[in-house]
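I have placed the structure first, in the form of structure tokens, so that the comments after it can refer back to it.
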Amino acid sequence: MAAQVRQRYGVPPQILLAIWGHETSYGAVRGNFDLAQALATLAWEGRRRELFENELISLMKMVQQGVPRSRLVGSWAGAFGNPQFLPSIYLRLAVDADGDGLRNIWDSRADTLFSIANYFRDAGWRAGQPWGVRAYVPPGLDRAALRNPNKPPKCPRVYVRHSKWKTVREWRALGVTPQAALGDEVMASLFEPDGPAAPAYLLTQNYKVILEYNCSNYYAMSVGLLAWGLIGVF
């Protein structure tokens, strides 16, 4: 299965397992909120009404497609199943990988992993490229000159901690050296999660894809590091 999912989507199985483990401890903790009640309450509450109204409608479409009512339990924010998809994501990206006619992200290991991989491909995962690598940062690097002046509309507090994007070749010219293979023309951003004189990373586009799943540096780094720990399993 690992070879199949990598071949079809270009996403390493270690990343998929890291997401699954992080989200639900491999299906052990998936939430027990009634999704219809949770989404209706969030839509009524109003702070993100448009989002949750649309998710409630998507939940109804899932029922129309034959998803049993008993399946419709999950987190307080409407996410469910092994990968904690929202209803709209389930409708658009969940995959019937085992060919049994169901997109069963609750009980099927294949459907779960292929669905997460499909999400990552849709979000722009670049096959053959790591999410990031450890990097050596020389003393005296002018970090102020590397601050990214652009303020992204989504998750600005997350991205403010990332530097400007430069090619790996440009980073090498500044003395910032990747500690694992990374092509010279790959665009990367410097990230020092614990500040200077601590482990530093050159992040690629694929790190941003992990952030699409959950826009938190703590989340994305924990997924990436867990995936590193799973290297050799496949």
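All figures in this text were calculated on a predicted structure; none of them were measured in a lab.
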Query raised in the report: If you measure from CZ on R169 to CE on M187, what distance do you get to the nearest 0.5 Å?
Result: 12.5 Å
Query raised in the report: Nearest 0.5 Å, what's the OG-CG distance between S108 and D100?
Result: 6.5 Å
Report summary line: Sequence neighbours excluded, the answer for side chain to side chain contact (heavy atoms under 4.5 Å, CB included) partners of M60 is L56
Query raised in the report: From L190 CG over to L203 CG, what is the distance, rounded to the nearest 0.5 angstrom?
Result: 8.0 Å
**Report entry** Y207 and N217 side chains, donor-acceptor separation under 3.5 Å
**Finding:** yes
Query raised in the report: Are F114 and L102 co-members of a hydrophobic cluster defined by side-chain heavy atoms under 4.5 Å apart?
Result: no
**Report entry** Backbone N/O of P130 and side chain of T204: donor-acceptor pair under 3.5 Å
**Finding:** yes
Query raised in the report: Same cluster for V67 and I57 if Ile/Leu/Val/Met/Phe/Trp/Tyr side chains link at under 4.5 Å?
Result: no
Requested in this report: Take L141 and L146 through the side-chain contact (heavy atoms from CB on, under 4.5 Å) test and state the conclusion after the steps.
Outcome: CA-CA 9 Å; L141 181 71; L146 295 171; 3.8 Å; yes
Requested in this report: Report yes or no: do E23 and Y219 form a side-chain donor-acceptor pair below 3.5 Å?
Outcome: yes
Requested in this report: With sequence neighbours excluded, give me every ring-ring contact (aromatic ring centres under 6.0 Å, His included) pair touching residues 186-206.
Outcome: H162-F191
Query - Under 3.5 Å side-chain donor-acceptor pair for E185 and T167 - result: no
Query raised in the report: Is a side-chain donor or acceptor of S75 paired with a backbone partner of A79 at a separation under 3.5 angstrom?
Result: yes
Residues 30-38 side chain polar contacts: donor-acceptor under 3.5 Å, at least two apart:
residue, atom, partner, partner atom, Å
R30, NH1, N82, OD1, 3.0
R30, NH1, W106, O, 2.6
D34, OD1, A36, N, 3.2
D34, OD1, Q37, N, 2.9
D34, OD1, R69, NH2, 3.4
D34, OD2, R69, NH1, 3.1
D34, OD2, R69, NH2, 2.8

Report task. Could you state whether L225 and F120 fall into the same hydrophobic cluster, counting links through intermediate Ile, Leu, Val, Met, Phe, Trp or Tyr residues with side-chain heavy atoms under 4.5 angstrom apart? Result -> yes
**Report entry** salt bridge (charged side-chain N to carboxylate O under 4.0 Å, His left out) assessment of R109 paired with D98
**Finding:** CA-CA 9 Å; R109 183 170 182 256; D98 54 21; over 6 Å; no
**Report entry** salt bridge (charged side-chain N to carboxylate O under 4.0 Å, His left out) between E212 and K154, worked out
**Finding:** CA-CA 10 Å; E212 285 292 317; K154 183 179 180 181; 3.3 Å; yes
Report task. Check whether any side-chain N or O of W125 sits under 3.5 Å from a backbone N or O of V209 as a donor-acceptor pair, and report yes or no. Result -> no
Query raised in the report: With a distance cut-off below 6.0 Å to the six-membered ring centre and an angular limit of 45° from the axis, does K208 pair with W165 as a cation-pi contact?
Result: yes
Query raised in the report: Any disulfide (SG to SG under 2.5 Å) pairs touching residues 48-100, not counting sequence neighbours?
Result: none
Report task. Return the minimal non-hydrogen interatomic distance between R172 and L182, and the atom names on each side. Result -> NH2-O, 4.5 Å
Requested in this report: Kindly say whether the aromatic ring centers of W228 and W131 come within a distance under 6.0 Å.
Outcome: yes
Requested in this report: Would you check, one step at a time, whether the test side-chain contact (heavy atoms from CB on, under 4.5 Å) holds for V11 with N118?
Outcome: CA-CA 9 Å; V11 184; N118 195 31; over 6 Å; no
Query raised in the report: When you look at CD of E50, are more than 12 heavy atoms from neighbouring residues, nucleotides or ligands closer to it than 6.0 Å?
Result: no
Query raised in the report: What's the spacing between Q84 CD and I19 CD1 if we round to 0.5 Å?
Result: 11.5 Å
Query - Residue pair R147, S163: steps toward the side-chain contact (heavy atoms from CB on, under 4.5 Å) verdict - result: CA-CA 5 Å; R147 288 179 187 148; S163 77; over 6 Å; no
Query raised in the report: Quick one: CZ on F85 to OG on S58, what's the gap to the nearest 0.5 Å?
Result: 13.5 Å
Query raised in the report: About how many Å separate CZ of R103 and OG of S115, when rounded to the nearest 0.5 Å?
Result: 8.0 Å
Report task. List for me each residue that meets salt bridge (charged side-chain N to carboxylate O under 4.0 Å, His left out) alongside R143, sequence neighbours excluded, and say none if there are none. Result -> E192
Requested in this report: Could you pull out the closest heavy-atom pair between R6 and P13, with the gap in Å?
Outcome: NH2-CD, 3.4 Å
Query raised in the report: Do any N or O atoms from the side chain of D111 and from the backbone of N104 form a donor-acceptor pair under 3.5 angstrom?
Result: yes
Query raised in the report: Where the side chain of S222 meets the backbone of Y218, is there a donor-acceptor pair that is under 3.5 Å apart?
Result: yes
Requested in this report: Check step by step if side-chain contact (heavy atoms from CB on, under 4.5 Å) holds for R92 and D122.
Outcome: CA-CA 10 Å; R92 190 164 63 88; D122 182 76; 3.0 Å; yes
Query raised in the report: Any chain of hydrophobic side-chain contacts (each under 4.5 Å) joining W44 to L72?
Result: no
Query raised in the report: Is a donor on one side and an acceptor on the other found under 3.5 Å between the side chain of Y159 and the backbone of P153?
Result: no
Query - Within residues 100-195 or reaching into it, pairs that qualify as disulfide (SG to SG under 2.5 Å) - sequence neighbours excluded - result: C155-C215
Query raised in the report: What pair of heavy atoms forms the shortest contact from A18 to A227, and how long is it?
Result: CB-N, 4.0 Å
**Report entry** Side-chain donor/acceptor of D184 to backbone N/O of V168, under 3.5 Å
**Finding:** no
Query raised in the report: Between Y119 and Y213, is the ring centre distance below 6.0 Å?
Result: yes
